[in-house]
Structure formats: structure tokens, C-alpha cells
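First the structure, in the form of C-alpha cells, and then the observations on it.
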Number of protein chains: 2
Amino acid sequence: MLSNQSKYAIRAILCLAINSDSKKKMGSKEIAEKIDIPAPFLAKIFQSLSKAKLIQSIKGPNGGFYLTKAEKQNNLLDVIACIDGLDKFNECFIGLPKCSDEYPCAIHHIVSPFKTKLTEELTSKTIADFAEETKNGKSYIFLK
Amino acid sequence: MLSNQSKYAIRAILCLAINSDSKKKMGSKEIAEKIDIPAPFLAKIFQSLSKAKLIQSIKGPNGGFYLTKAEKQNNLLDVIACIDGLDKFNECFIGLPKCSDEYPCAIHHIVSPFKTKLTEELTSKTIADFAEETKNGKSYIFLK
DNA sequence: TTTATATTATGATAATTATCATGTTTTATA
DNA sequence: TATAAAACATGATAATTATCATAATATAAA
């Protein structure tokens, strides 16, 4: 349902949301180390996110990545859409090319409400919201 | 969460449950064509299922695959466990190596109840149950 | 006992995804 | 203006997954 790339992107962007702003940028290596994922891979992911205007990237000394206030108001489905595309996210759980409420797969009635709920959560809550929860110790983005 | 192999395995074993018994076996090619998946790949999947005693395979002329009554009482999580293993099925949605009720990821509270429910459905309902629903037109295993 | 049919077993190829490495460009600052 | 620190861009490698092909084995029936 999600590629590793998307998973990493979500964790990384939450990390940025928590620790960065225009005055306090972060290097991709620093973040990669923090959330324990391969650094060059994250660099590549950040390029995609940057092109899609989901994160800020500043070159040169004291450069790095950060999120503007506006960008912290984006949601996580934007991130998934940017990396994986939404087709992958929406595909049928047991791989039917067409699976719908009208012609459902065997477990559609379980998966469908979940996906609805998840999609709602991933669109209605902002990155800032998720970051806040993590700050408050309600959830985590790295666990060794 | 599920590999293509598991997805195919589920659809194929349901196809078997619906169309086969000890007197009416099915060839793997026939099934592959019916549910529109690559035939040699299904043959490989059937080997695994056969070794795990989840399906019957009879060699020679008029041979083929089928499910005994007992095998129709198995559940779909057995199939997933056989092909992917349960680790893959249970892994965190955003890839945290350790994600639990105590130390949850950002969306654990959504994913966790879903997984509980899905696991329950996939263990409590038998293959025969799912097959019955498909026979009754309540769900589908192939849709072009 | 031979033959045809079907699975079994194994390995080769292809495609995708993930990871790593390198050189280029940008830009703040000394 | 030179330098160094950082992202950018690109491509190479590795690992995993999916797909395809072929030879071996088993067995019912002629």
C-alpha cells in the first residue's frame, strides 16, 4: 500500500516539522541519522518533495531543509501522492484490477471503511497536527 | 502489506474452493487464466501451498489441484502466513521497526483496529465461507 | 509397458525498488 | 574573489520481487 519511499518521506517530513523552521534548517544526513534510514536515499526523496514544493531547500553554507508555516499546513496524503501516486494507495487489497463498492473483492467491506477513515485522517489533519502529537509524546517517528 | 504472491494465492485458492473437489480437479493454467494472473507464477505459488498442505495436488493425467473439505475449513491468514509470513503482514504502516500500542506511530490508532478486525475476519471465516459469498454474488475474485 | 498428461522442481530472466557513489551547482562568508 | 558547505542531478550497483522457461518426475490409461 505504501512504498518504503513514502514511509520514509512521512517520517522525514514529520521530523522536519518538529525540528525545523526558516531559522533552523536541517541537513538530510542529520535527519536520516535521526530516523535511522539510508541518507542518500533520503536525499533523493527530498528532491522529489522539494520539486513538489512540499519542503524548502536552501543551498550553500548554513543551508538545509525546512518547512514554512504554510507547508506545515499540508497533509500527509499530499506526501504520499507526491512519492507513490494515489493509484498505489487506492489499489485493491487482494489485487483485483477493478474493485468497487458495486463489485467488491472478498474483503472489500473491511478494507473500504478503513481506507475511508485513513484517507480522511491523512487529509484533514495537517503535518503540524501530527508533529504536535509527536512533540507531546503521543506518537513516535523513530523507535529503536 | 501483502505481496502479489499472497494476493494471487488468495484469489487462486478461492477459485479452487468454488470450482473444485476431489472429483473435479483444476489445472493451474486453467485457474491462472480464470483469475487473469501469470500461469507459471501461479504454478510456483501452488507448490508452496501444496507443501504446506493447504491444497491437494494430483499428478498425472486427469490430475490437477483441488481442496478437500477439511482444507476448505482453513482460513486465509494461513495462506498469507504460508506465502509471505506473518511479519510482513504485521509490520508498521510507516515502517517503524518497533511500533506498538505503547509506542505507537503517528497513525497507529487508525491502523491497529483495522488490523485487528482484518485479522479476526481472516482467521474466523473459513475459505468455504468466502467461497460461498462469491458463489452468491456478494463478492468477486476476478473482474476485468 | 509405453505413452501422454499433468505436476514438480529448479533455475534463468526481467522488472522494480532500494541503496550507494560521484561530480556539479549554488551561495554565504572569510 | 576564493573557499567551503550544502543541495542538486545523475547514474551505478545491489537486493528483492515477479515472471518465464525447461527438464524431471509421477501416474492413469491404452
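Reminder, nothing fancy here: chain letters follow the sequence lines and each chain counts from 1. Atom set for the values below is all heavy atoms of this structure, side chains included, hydrogens, waters and symmetry mates excluded.
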I'd like a list of close polar pairs between nucleotides 18-24 of chain D and the protein, N/O only, cut-off under 3.5 Å.
residue	atom	partner	partner atom	Å
D:dA18	OP1	B:Asn4	N	3.0
D:dT19	O4	B:Lys44	NZ	3.2

Protein and nucleotides 1-7 of chain C: nitrogen or oxygen contacts under 3.5 angstrom:
residue	atom	partner	partner atom	Å
C:dA6	O4'	B:Gly60	O	3.2
C:dT7	OP1	B:Ser28	N	3.4
C:dT7	O3'	B:Ser57	OG	3.2

Notebook entry, point to check: Who are the side-chain hydrogen bond (donor to acceptor under 3.5 Å, both in side chains) partners of B:Ser6, not counting sequence neighbours?
Noted result: B:Asp84

Next item on the list: Using the ring pair (Phe, Tyr, Trp, His ring centres under 6.0 Å) rule, collect all pairs that involve residues 106-128 of chain B, keeping only residues at least two apart or in two chains.
Entry: A:Phe114-B:Phe114

Check: In whole angstroms, how far is the C1' atom of C:dT17 from the CD1 atom of A:Ile83?
Finding: 13 Å

Next item on the list: Report the residues that fulfil side-chain hydrogen bond (donor to acceptor under 3.5 Å, both in side chains) with A:Thr126, sequence neighbours left out, ordered by chain and then residue number.
Entry: A:Asp129

Notebook entry, point to check: Roughly, in whole Å, what's the span from NZ in A:Lys51 to C1' in D:dA7?
Noted result: 13 Å

Item checked: Length of the CD1-C1' vector between A:Ile37 and C:dT17, whole Å -> 15 Å

Next item on the list: Enumerate the residue pairs fulfilling salt bridge (charged side-chain N to carboxylate O under 4.0 Å, His left out) with a member in residues 102-117 of chain A, sequence neighbours excluded, ordered by first and then second residue.
Entry: none

Next item on the list: Could you state the atom-to-atom distance from OH of A:Tyr66 to P of D:dA7 in whole Å?
Entry: 13 Å

Item checked: Sequence neighbours excluded - ring pair (Phe, Tyr, Trp, His ring centres under 6.0 Å) pairs with any residue from residues 5-30 of chain A -> A:Tyr8-A:Phe41

Checklist line | Summary of salt bridge (charged side-chain N to carboxylate O under 4.0 Å, His left out) pairs that have at least one residue in residues 130-140 of chain B, sequence neighbours excluded | finding: B:Lys125-B:Glu133

Checklist line | Counterpart residues, side-chain hydrogen bond (donor to acceptor under 3.5 Å, both in side chains), relative to B:Thr134 (two or more places apart) | finding: B:Ser139

Next item on the list: Check side-chain hydrogen bond (donor to acceptor under 3.5 Å, both in side chains) between A:Glu71 and all other residues, then give those that pass, not counting sequence neighbours.
Entry: A:Gln56, A:Thr68

Next item on the list: Using atom types as modelled and distance alone, determine if a side-chain donor or acceptor of B:Lys53 lies under 3.5 Å from a backbone N or O of B:Ser50.
Entry: no

Checklist line | Rounded interatomic separation in angstrom, taking NZ from B:Lys88 and P from D:dT16 | finding: 12 Å

Check: Near DNA chain D, under 4.0 Å by heavy atom, which residues of residues 13-25 of chain B?
Finding: none

Notebook entry, point to check: Any side-chain heavy-atom pair from B:Ile18 and B:Ile141 closer than 4.5 angstrom?
Noted result: yes

Item checked: Qualifying ring pair (Phe, Tyr, Trp, His ring centres under 6.0 Å) pairs, either residue in residues 53-101 of chain B, two or more places apart -> B:Phe46-B:Phe65

Checklist line | Between D:dT17 (C1') and B:Ile45 (CD1): distance, integer Å | finding: 12 Å

